[in-house]
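Reading through the structure tokens given below for one structure.
None of the values given here were measured: they were computed from a predicted structure. Hydrogens, waters and symmetry mates play no part in the numbers below; they use all other heavy atoms, side chains included. Letters A, B, ... mirror the listed sequences (proteins, then strands); counts begin at 1.
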Protein chains: 2
Amino acid sequence: MNQGQLATSLKRWGVRVTPQRLAIAEVVINADDHPSVQQIHERVSDQFPYITLATVYATLSVLGKQGLIQELPFQKQSRYEANLTPHANLVCVSCGTVTDTEIGEDLITTLRREVSVKAEFDIASQRVDFYGWCPTCPVGTYQDGSR
Amino acid sequence: MNQGQLATSLKRWGVRVTPQRLAIAEVVINADDHPSVQQIHERVSDQFPYITLATVYATLSVLGKQGLIQELPFQKQSRYEANLTPHANLVCVSCGTVTDTEIGEDLITTLRREVSVKAEFDIASQRVDFYGWCPTCPVGTYQDGSR
DNA sequence: TTTACTGCAAAGGGTTTGCATGAGG
DNA sequence: CCTCATGCAAACCCTTTGCAGTAAA
């Protein structure tokens, strides 16, 4: 999604299009590391040195309600992603990275449909996380140094 | 799991077994509503009127590290559950309830194995959430009253 | 007896809110 | 022009930390 499509999507909901919002949305859409609010704020600060965290929070809330991005609450803070298609997140409990994987996307889509039908649950979105150790981290270690 | 098994599990890790810990663990294990820390504190307060939130937090942290319970961070606060088998949580964005479903458990188990092998990711646990509207809530409504 | 847990109080920090100014439509 | 977004500051509240007394082993 580019800024043109983005602006159209925002206008459709009667939401005001501002340069800050476009920049924040672009940062999240182009990010592949599930950035935190702090990280998003840092990256947007290149273009808008005086932008505040409050503005970033407000914009992320708007984008979330538009269904353009998804908030992923973690224990310490939330992270954000723009990949709304059914997929799994790989969360390394050692180095803290969060990466998307395409593996099993069809299974998740099937799962979603099955749950929707059998549980009579009207699904708007989903979150699939796997917590463990990525290939480069020693199994059994944790981000806080414990084991 | 009863308190005897629980005590054994705690002792195995050199963790001290106290009445408060047993009570907190029992509350989480017997709960089917994914209670918050506040709710767990309230329920344990019946037995221990002077117990504090700090103790509840500390105990939940211990139980989590033992792999007896799982913390589920949400936007407002965390909830806890003792069902660690692969399953999906149904999160109603209207009434706020979180319920486990057995539907698709085999799919999730298959998914986990596939991701583990193909992504070379050593998985310790997982979280599968579906966000939407339960059968008794009007589709399109939200907990904060917006739509 | 030793070590770790509990209860209490205070601090920490991510997130939200209130308000005056400024920009979008 | 009118409404809403931004920037700034303060408040909010969940969660963590420090410490003295106490209970587990």
Can you see whether B/Gln126 engages B/His87 through a side-chain donor-acceptor pair at a distance of less than 3.5 angstrom? no
Using a distance-only test with no angle check, is there a side-chain donor-acceptor pair under 3.5 angstrom linking B/Gln38 and B/Gln77? no
Under 4.0 Å from a heavy atom of chain B: give me the 5'-most and 3'-most nucleotides of DNA chain C that qualify. C/dT3 to C/dT16
So what does [X] hit on the nucleic acid, given a heavy-atom distance under 4.0 Å: a base, only sugar-phosphate, or nothing?
{"X": "B/Tyr57", "value": "base"}
{"X": "B/Pro49", "value": "nothing"}
{"X": "B/Ser78", "value": "sugar-phosphate"}

Nearest heavy atom decides the nucleotide; on that basis, is A/Ala54 or A/Arg21 closer to the 5' end of DNA chain D? A/Arg21
Between B/Lys76 and B/Thr18, name the one whose nearest nucleotide on DNA chain D is closer to the 5' end. B/Lys76
Of all heavy-atom pairs between B/Ser94 and B/Thr141, which one has the smallest distance, and what is that distance? OG-OG1, 2.9 Å
Using whole Å, report how far [atom1] of [X] lies from [atom2] of [N].
{"X": "B/Gln77", "N": "D/dT16", "atom1": "CD", "atom2": "P", "result": "13 Å"}
{"X": "B/Arg79", "N": "D/dT15", "atom1": "CZ", "atom2": "C1'", "result": "17 Å"}
{"X": "A/Ile51", "N": "D/dG7", "atom1": "CD1", "atom2": "P", "result": "5 Å"}
{"X": "B/Gln20", "N": "D/dA23", "atom1": "CD", "atom2": "C1'", "result": "9 Å"}
{"X": "A/Leu53", "N": "D/dA11", "atom1": "CG", "atom2": "P", "result": "18 Å"}
{"X": "B/Leu60", "N": "D/dC14", "atom1": "CG", "atom2": "P", "result": "15 Å"}
{"X": "A/Asp144", "N": "D/dT17", "atom1": "CG", "atom2": "P", "result": "10 Å"}
{"X": "B/Ile40", "N": "D/dT15", "atom1": "CD1", "atom2": "C1'", "result": "14 Å"}

Select from A/Pro19 and A/Gln38 the residue whose nearest nucleotide in DNA chain C is closer to the 5' end of that strand. A/Gln38
Interatomic spacing from CG in B/Leu68 to CG in B/Leu63 - rounded to 0.5 Å: 6.0 Å
Test your reading of the model: is there a side-chain donor-acceptor pair from B/Gln39 to the backbone of B/Asp33, 3.5 Å cut-off? no
Here's one to test your reading of the geometry: is the NZ or CZ of B/Arg127 within 45 degrees of the ring axis of B/Phe74 and under 6.0 Å from its centre? yes
Atom CD of A/Gln143: over 12 foreign heavy atoms under 6.0 Å: yes
